[in-house]
Structures are given as C-alpha cells and as structure tokens.
2 protein chains.
Amino acid sequence: MEDLIAALPDGRVLTDPDVTESYARDRTFVPPGRPLGVVLAESRDEVVTTMRWATEHRVPVVPRGAGTGLAGGATATDGCLILSLARMTRIRELSPQDEIAVAEPGVITADLDRAAREHGLMYAPDPSSYEVSTIGGNLATNAGGLRCVKYGVTRDSTLGLEVVLADGRIINTGRRTVKGVTGYDLTGLFVGSEGTLGVITAATLRLRRAPAELATVAAEFTSLRDAASAVSAIIAAGCNPSLLELMDRTTLEAIDEWKNIGLEPGTRAMLIAQSEGSADQMAKLCEAASFVAVSSSPEEADELIGLRRLAYQAKERLGQCLVEDVCVPRSVLPDMISTIEDVAARHGVKIATVAHAGDGNTHPVFIFERGLAEPPPEVWAAADEVFRAALALGGTLTGEHGVGVIKRRWLGLETGPVVTEIHQGIKQVFDPLNILNPGKAI
Amino acid sequence: MEDLIAALPDGRVLTDPDVTESYARDRTFVPPGRPLGVVLAESRDEVVTTMRWATEHRVPVVPRGAGTGLAGGATATDGCLILSLARMTRIRELSPQDEIAVAEPGVITADLDRAAREHGLMYAPDPSSYEVSTIGGNLATNAGGLRCVKYGVTRDSTLGLEVVLADGRIINTGRRTVKGVTGYDLTGLFVGSEGTLGVITAATLRLRRAPAELATVAAEFTSLRDAASAVSAIIAAGCNPSLLELMDRTTLEAIDEWKNIGLEPGTRAMLIAQSEGSADQMAKLCEAASFVAVSSSPEEADELIGLRRLAYQAKERLGQCLVEDVCVPRSVLPDMISTIEDVAARHGVKIATVAHAGDGNTHPVFIFERGLAEPPPEVWAAADEVFRAALALGGTLTGEHGVGVIKRRWLGLETGPVVTEIHQGIKQVFDPLNILNPGKAI
Ligand SMILES: Cc1cc2nc3c(=O)[nH]c(=O)nc-3n(C[C@H](O)[C@H](O)[C@H](O)COP(=O)(O)OP(=O)(O)OC[C@H]3O[C@@H](n4cnc5c(N)ncnc54)[C@H](O)[C@@H]3O)c2cc1C
Ligand SMILES: Cc1cc2nc3c(=O)[nH]c(=O)nc-3n(C[C@H](O)[C@H](O)[C@H](O)COP(=O)(O)OP(=O)(O)OC[C@H]3O[C@@H](n4cnc5c(N)ncnc54)[C@H](O)[C@@H]3O)c2cc1C
C-alpha cells in the first residue's frame, strides 16, 4: 500500500478501518469483506495509477459510485481495494446542438439532468435513487428508472465511453454521433458489466428534449391485479406514457405511516401515470379503479411522484429489505403480480411491491427482521419461486439492478452453460488476472 | 463436401461454379474469391449441421442474407462455404400485446414491417434496401434507415437473438422483455458484428406503434450547404422528425434522367422531412430554400420518399459506385457536406451525396468508370480525405453499412491499437478457429 499512497496525491488513499468500513457495502444486506483501503480518485490518471498498481500487486479492485446498488455489486471483498469514483464530478462538456454531454462517473444523475434542463434538454434515465446515484454506477448497472418506459434505459442514452482497463490502459469506445457501426459494440458491453470489465472514467451521453407539458393520472384500485391489468391495457392501447408506476397496499401503508397520505381502507393498489399532452385516455383505461384523478399541475405531479420515489425508504422503516427486480413481458404483468401475492401468502413472507409497470419491471421487496445477517430461509424460498415464475413467464431475473452477488445463484437458470462460458471468455479478454470486481455479476 | 451434402436434405448444397458465382458477391465492386459451395439453409438445425461440418473440416463460412451489403461483408473468399439464410423466412411469432416479433433471418425487412402494420404496429428500421434486404443482414450490419432519426437503428429494436456459434452450438441471448441486465450484453455484441461471431437464426424484435398521420415537407435549395444548415436547425429546434433526408444535385440529376422529375436548373439540393402532426415548423426552418411544399397526402409523401429510395439505383446508371457512409455529429453536418464538395472538386471525382441527414449520416457515392476492377487511385485518395475529415469532425467511418472489407484499411484510425486487440480477443472467444467470415469487419 505504501507504493500506492506514494504514487497518488495526498489524501487520496484511506486505510483506517473505521473509515473504510463506510465504503465497504452498498444498500444490500450482503456482508462485506475487509478492504485493504479506499482510493478516492479525482482524475482518470489517478485511476490509471491505481489500476497499474493493482495489476502489479494482484490486488482485486471494487469500483464504487455512490454505493446505492441493490445487488451487492459494490460490496467489498476481503483484501480488495475500493476505488471510489465519487469525486470525479465534472461535466466535461454539454452540447445543446448535438444534444450530448460528456460526464465523469461521479456526477450525480439528477445533477446531469438539471444541467441539461438549462438548455431545454433532459438526461432521461432516472432511477428512483437519482438524487444520490452516480452516472458511473448507472452505467455499470444499466440503470432504469421512471421515465424509461418512454426513453429507454441507461444503455439507450450511452454513445461512448472512456474506460481504464484492469492493467491501466485507457480505451475510448463508441462515438459522439447518434449512430455508428465501426467495430464491435464495446460500449454496450461495458454498460451493465457491473465493474467487472473496466473502470468507466467518462461517458458521452445522449440528451433529449424535455417535454413541454405532462399530464398526470393517479388511480386507486381495490385489487392489485386490476391495477396491473390497467397497465397492460394502457400499453396495448398505445398511450405512450412517459411514466407508469404501480404501488401495492403494503407499500402505500408504509408511506402512509411515515407521511400520512390519507390512505383509504379499501385501496389495494395505486397507479401513477404521466404522458405528454392529455392523460384522459389513460384515465379511462383505469376502468376498474375506485378513484381516478387527472391533473396537469406540475406541483401535484411532483408530489405524487415524490411519494413513489420514497417507497424504498418507507419500506426500510419496516425492517430489512431484499429488493427484487424481476421483469416480464408487459402482457403477463398481471400474472406476475398474482404470483407474487400468492407466494407471499404461502410462505408467510411480507412482500411490498412497486413496479416500473410500463416496462413489466416489478420490485417485490421482501421485508425481514432487523438484526438478521441475511434473509431467513422462507424469504429465499419465496424469492426463488418469484425468480422461477418470472423466467417461466418469459421474463428475466433482473430488469435494472444487476446480478451483483445476490443473483449469481440463479444466473445459470436464465443464461445456460454456453453463455456462462462466453461470459468467462469475455472477462478473460478484458481482465485476464481477474482484478476487477471478482465474484460479481457473471 | 460429400459429407455435408449427405448430412443435409436434398437440394440444400450448390456446388456448380456457374450457380455459386451469383452468391459470391454483395453490392460492392469487391472481387470475390471462389467458394467451395453454397448452403441454402432452411432451418436452424441445418445451420448447426453446416457449422459443425465447417468446424470439423476447418472451412471458412461466409453468412449471407440478400447480398445487398455495401461493405463487402458477404463477399466470398477463396475456398469458403457460403451459408445463405435467405430461405429461413418464417415469422415465428408476432405478439401485438407485447409489441414484439420473433423473426428468422431470411425475412425481408419490409415483409416484417407489413406483418406488423396489420396490428397497427411497425418494424421501424427501414434501410433504403428494405424491400430486398433481410433481417439477418440488417442485424449483422446494425442497419439504419430513413425512420431511424426518430426510432433508432436495428440494435435499438433488438431484444434477443438465437445464434449458432462457429462450432455449431446454439445460444439464446437477451430476452422478450423491454429491459434486462442479466449478464453481459451479448445481443448488442452480435448486432453489427458482420457475421464474424455467430450465425443469427432468429431474433426477438421490438415493434412500435405506427404513427397515425405524417406531414411531409419537400424543400429545394440553391446550395447544398444551406440544405445541411436547415437540417441542423430542424434538429436544434427539437422538431423530432421521423424522417429527414438530403439529396444533392448530382443525385437529383441521376434520378431526373431516369424518372423525369422536372428538376429546376438552380436546384442544388433537396430536403425531404416528415413528422407526426404538423410539419409547418420544419418548413419554416428551411428559410434559405427557394421552394418549399408541405403536404399531408400520403400518396405525395410515398412518391417523394420512393424517389429517395431509388437514389442508389439511379446512380448505378452513371457508373460503378463506391458508396460511402460517414456519420458526424449533427451540428457539423454542413462542414462535412462542404468538405465532400471540396474534395470532389480537388480530386476531379464525381461524388453524388445523399444523407440520412437527421442522423448526421452522409452517403457520398463515388462514381467511377464501369469495367474497372476497383476504384481508381483518385477515388481512393478522395475517399481517404473524406474519412479523415469525418473523424476530425468527431464522426465515425461508418454509420450503418459496416466495415466489411472495404473499410478495414481505415479502421485503426478510429479504434486504436488497444481496441483492435480487444476485438481480436472477443473474436477468439466466439470463434477460436476463425471459421466465421475471416478477414471481415475487424
Ligand atoms: C432508494 C433506491 C432507489 C433505487 N431505484 C432504482 C431504480 O429506479 N432503477 C435502478 O436501476 N436502480 C435503482 N436503485 C439501485 C441503484 O441506485 C442503481 O443500481 C444505481 O445505478 C447505482 O449507482 P451507484 O452510483 O450507487 O453505484 P454503486 O452502488 O456504487 O455501484 C453499482 C455497481 O457499479 C459498479 N461501478 C460503479 N461505478 C463504476 C465505474 N465508474 N466504473 C465501473 N464500474 C462502476 C460497482 O462496482 C457496482 O458493481 C435504487 C436504489 C435505492 C437505494
Ligand atoms: C439500394 C441500397 C440501399 C441501401 N440502403 C441502406 C440504408 O438505408 N441503410 C443501411 O443500413 N444499409 C443500406 N444498404 C446496405 C444493405 O442493404 C444493408 O447493409 C443490409 O442490412 C444488408 O442486408 P442483406 O440481407 O443484404 O445482407 P448481406 O449483404 O447478405 O450481408 C451483410 C453482412 O451480414 C452478414 N450476415 C447476413 N446474414 C447473417 C446472419 N443471419 N447471421 C450472421 N451474419 C449475417 C454477412 O456475412 C455480411 O457481413 C443499402 C443497399 C442498397 C443496395
């Protein structure tokens, strides 16, 4: 470690265990190992220095953004070096003409969005965590978000990357243009690779026109399945919502207890939808709803969506959370939702569900007792059933949070042995010594 | 070859050189080698049989769709086997609810679009060649098209793939859901890989709502640069066109000679633009135009766009064509266009330019004498300058046609040595014996 401390400017390397501990985990229960230290990199060159050192000394490196991940991807392993990119917060360029920005990995997602708004543009991908998560973490997990139903996930906004490889070499992938086919799509490969192929030190991102006016619908249902059916109907009717979020009763109760939203006793689910122009058609398609309100007031809309963004924190007040992330074809969302309700009942497990419903992406949050080191067996059994049901419905294990360490056990069910072999082969090409985030994602 | 003929149903293997010759080239001048034979595969299992045989006998395989490629990607090499997917024309599934289709590689692009239209949907990527090109070829080149300015390129419509690897193993990548992050993005890696990583035998493709009504603008300019500036203005104003195509005088003359469109003497360029709803704002932004017509008649629109789709055939009447494909950030399109005009004048080369202008994607078509085996030195010198100018403007060598064999010479200028090494490494993972399309793309 002395070599590394000497090679970097003062104050970049932390080794005091009391301090490094706070960088050792993400937002999961996954028990962290003991890191050797933490590097707080402030530039690409410092990342290069760090990776050269790590390769020379064969030290595993765990890249880290804000640590808001929900899969254990940024969790420390024993003897690793944590490489925090959180201080690389420069927006190197913002071109309104070309509708692109070049951002460093530590830029907070919402900050980039705000910078774009000054030019009538927006950075579309907006995970619920966007006031805290970083662009680097979003890229490494291919984060989704509320607006993704209309504008796509992080990959859809990524044109090019600057990446430091495990051995410290720098590459640039992709381009500044909206399209291009020179060589293999390495940009797409890095996006979603959870820090296992390279350290992202800058990204050329696509911005989009911010919509002028949005109309918002809030609808309450006496059955969760009815709400899910309304989602399918809205998609099938081609309403093109720019947001379509679902919350179940358990979630609403958690929010109500905390923020007192005046939840009615009969309400089993709430749907929040937005679209450009009018939202009347969406409101009409909430036929089974017991209460529907349409509003074009931005304040009311912000309030509703603000509540949705609080869902996770509200649930954390109830206990420890295993936040799951299955995604199914949109037509079978009602089946997925019913299965989750059924699994919860059969296993006697508390599950609170929110969904980026317009994408078929459901977050059943399994709530378990505080103090336990990991979810109890009945929670894993219930989660296992949910995963298998998602796959059986033609879905996927993870819509946006990534595999991390939590979902590696199930990975083979979705990918199969040949793809597993290819994953390993690709990892070898980029990182033959297995320096970068070993034991994660693949 | 006897083994292969015996292993496949009757009539699948062609070996008569007079017959195989017609499968040996694409739409470029690239001189083909002599293939061993052609397999006309009708099913995935026949592809598996073919690839197993090829691996066993170390025979290079050139996958082939319709052979409309403009980069030499499907051109035969000496002693190769050509594997035509053109007979695999089944649309295995079309789900209006989930807005997806599962198509085999031989499906003609426009046929898939027509099948989708029956349900109010469309398959968005529409290369000018879409009445003849195949889905497999589109995927392998990551084809763009006229509508891509709004809906993105082929990759943006691809959710998952079924692929036969060089050794005959089958993998499935991606998913049926609109998003997902399980494992590395192999789907994205195969798209645009020009047949060098695997043979695509089916694709799960995203369909989109077909727009209800489109308004069309046609504008004539007395200077090409003015037309390009109008494009930048339209993009910068956020008009969100669903089509934005540019043709220069040489192109218009070629079309006029063939179809007699009544081209005015002063017209140096024409812009065709479409958008949903009204096109008035776009028309207004064509300030420098000498003539502007706005129409909401679908017939007139189809006629105009039909002419644009004929541009390439019209030019082929003038001589042999080297069709180029540079793409630059949209704000510098006028500079790219001026450079092309300047290069043409300085080298005394005939260049006819069309552009998917809304994407910054320009096709300068270098026209040279019929009968020559390859473009004369002044054409290569002019093309070289155009490529370097595109890169200097922050652009890319190829927006949509791919690298094939034609652009391999310049590839390193854009990618650099480390990326080249990674490309080779990835190729090794999928195809260690270099069976699939050797000498192409990377
Ligand atoms: C309240 C809450 C709500 C959330 N809502 C959403 C949501 O709506 N959608 C969604 O997708 N996610 C959501 N998440 C999960 C999380 O916020 C995202 O996964 C986010 O992208 C992680 O960003 P981060 O900066 O915190 O990354 P971290 O957690 O620090 O790291 C995540 C992964 O990225 C890697 N990594 C980080 N930076 C880099 C880099 N520069 N180069 C290479 N690898 C890197 C890490 O090694 C790790 O594997 C939510 C989380 C919380 C706590
Ligand atoms: C008049 C004209 C207009 C054109 N306009 C456009 C345009 O607007 N936009 C655009 O992008 N292109 C355009 N092109 C180029 C061409 O049509 C596209 O590149 C198209 O995608 C090629 O499809 P194809 O079926 O003809 O493929 P081919 O030419 O047969 O093959 C192209 C490449 O794909 C590989 N390949 C084919 N099938 C498979 C498979 N199943 N699995 C793996 N690899 C495979 C081949 O090996 C080759 O490398 C145009 C061409 C012409 C002649």
Side-chain angles (χ1 to χ4, degrees), chain A residues 95-98 120 141-142 144 148 153 155-156 165 169 171-173 175-186 188-189 191-193 209 232 236 238 240 327-331 359-361 394-403 411 414-416 418-419 422-423 425-426 429-430 442, chain B residues 95-98 120 141-142 144 148 153 155-156 165 169 171-173 175-186 188-189 191-193 209 232 236 238 240 327-331 359-361 394-403 411 414-416 418-419 422-423 425-426 429-430 442:
Chain A
S95 162
Q97 292 91 335
D98 288 325
T141 57
N142 191 19
C148 292
V153 288
R155 181 175 289 122
D156 301 308
L165 299 179
R169 288 184 300 174
I171 61 170
N172 288 285
T173 71
R175 52 196 67 84
R176 283 173 69 85
T177 52
V178 288
K179 59 195 252 203
V181 285
T182 305
Y184 298 144
D185 180 17
L186 303 186
L189 199 55
V191 176
S193 68
R209 293 269 128 194
S232 299
N240 201 14
C327 187
V328 295
R330 297 178 288 197
S331 63
D359 288 326
N361 187 194
T396 177
L397 292 169
T398 169
E400 55 180 26
H401 294 163
V403 170
L411 189 53
E414 185 170 339
T415 55
V418 185
V419 167
I422 291 172
H423 284 166
I426 289 176
V429 170
F430 288 89
I442 58 166
Chain B
S95 161
Q97 292 90 334
D98 288 325
T141 57
N142 192 18
C148 292
V153 289
R155 181 175 289 120
D156 301 307
L165 299 178
R169 288 184 298 174
I171 62 170
N172 288 284
T173 71
R175 53 196 65 82
R176 283 172 69 86
T177 52
V178 289
K179 60 195 251 202
V181 285
T182 304
Y184 298 145
D185 180 16
L186 303 186
L189 198 56
V191 175
S193 68
R209 292 269 129 194
S232 299
N240 201 12
C327 187
V328 295
R330 297 178 288 198
S331 62
D359 288 326
N361 187 194
T396 179
L397 292 168
T398 171
E400 55 179 27
H401 294 163
V403 171
L411 189 54
E414 185 170 338
T415 54
V418 184
V419 167
I422 291 172
H423 284 167
I426 290 176
V429 171
F430 288 90
I442 57 166

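Because the structure is a prediction, the values reported are computed rather than measured. Proteins come first, then strands; the chains are lettered A, B, ... in the order of their sequence lines, and each starts at number 1.
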Chain A contact via [X] - side chain, backbone, both or neither, heavy atoms under 4.5 Å:
X: B:Val429; answer: side chain
X: B:Thr173; answer: neither
X: B:Asn172; answer: backbone
X: B:Arg209; answer: side chain

Out of [options], return the one with the most heavy atom pairs under 4.5 angstrom to chain B.
options: A:Gly188, A:Gly180, A:Gly425; answer: A:Gly180
options: A:Leu186, A:Asp156, A:Thr415, A:Val153; answer: A:Leu186
options: A:His401, A:Gln97, A:Arg175, A:Glu400; answer: A:Glu400
options: A:Val419, A:Leu165, A:Leu411; answer: A:Val419

### Message
Side chains of A:Leu189 and A:Tyr184, heavy atoms from C-beta outward: is any pair under 4.5 Å?
### Response
no
### Exercise: identify the closest heavy-atom pair between B:Cys327 and B:Gly399
CB-CA, 3.9 Å
#### Entry: By salt bridge (Lys or Arg N to Asp or Glu O under 4.0 Å) - contacts of A:Arg176 (at least two apart)
A:Glu93
## Note on the structure
Those residues at least two apart in sequence (or on a different chain) that pass salt bridge (Lys or Arg N to Asp or Glu O under 4.0 Å) with A:Arg155 are B:Asp185
### Message
Between A:Arg169 and chain B, with a heavy-atom cut-off of 4.5 Å, which part of the residue counts as in contact: side chain, backbone, both or neither?
### Response
side chain
### Message
Heavy-atom cut-off 4.5 Å, strictly under: side chain, backbone, both or neither for A:Ile426 against chain B?
### Response
both
Picking from [options], which has the most non-hydrogen pairs under 4.5 angstrom with chain A?
options: B:Cys148, B:Gly238, B:Gly394, B:Pro96; result: B:Gly238
options: B:Val178, B:Thr182, B:Ile171; result: B:Thr182
options: B:Thr396, B:Val191, B:Ile422, B:Val181; result: B:Val181
options: B:Gly183, B:Ser232, B:Gly120; result: B:Gly183

### Query
Pick one: which of A:Asn361, A:Asn142, A:Thr398 meets side chain to side chain donor-acceptor pair (under 3.5 Å) with B:Lys179?
A:Asn361
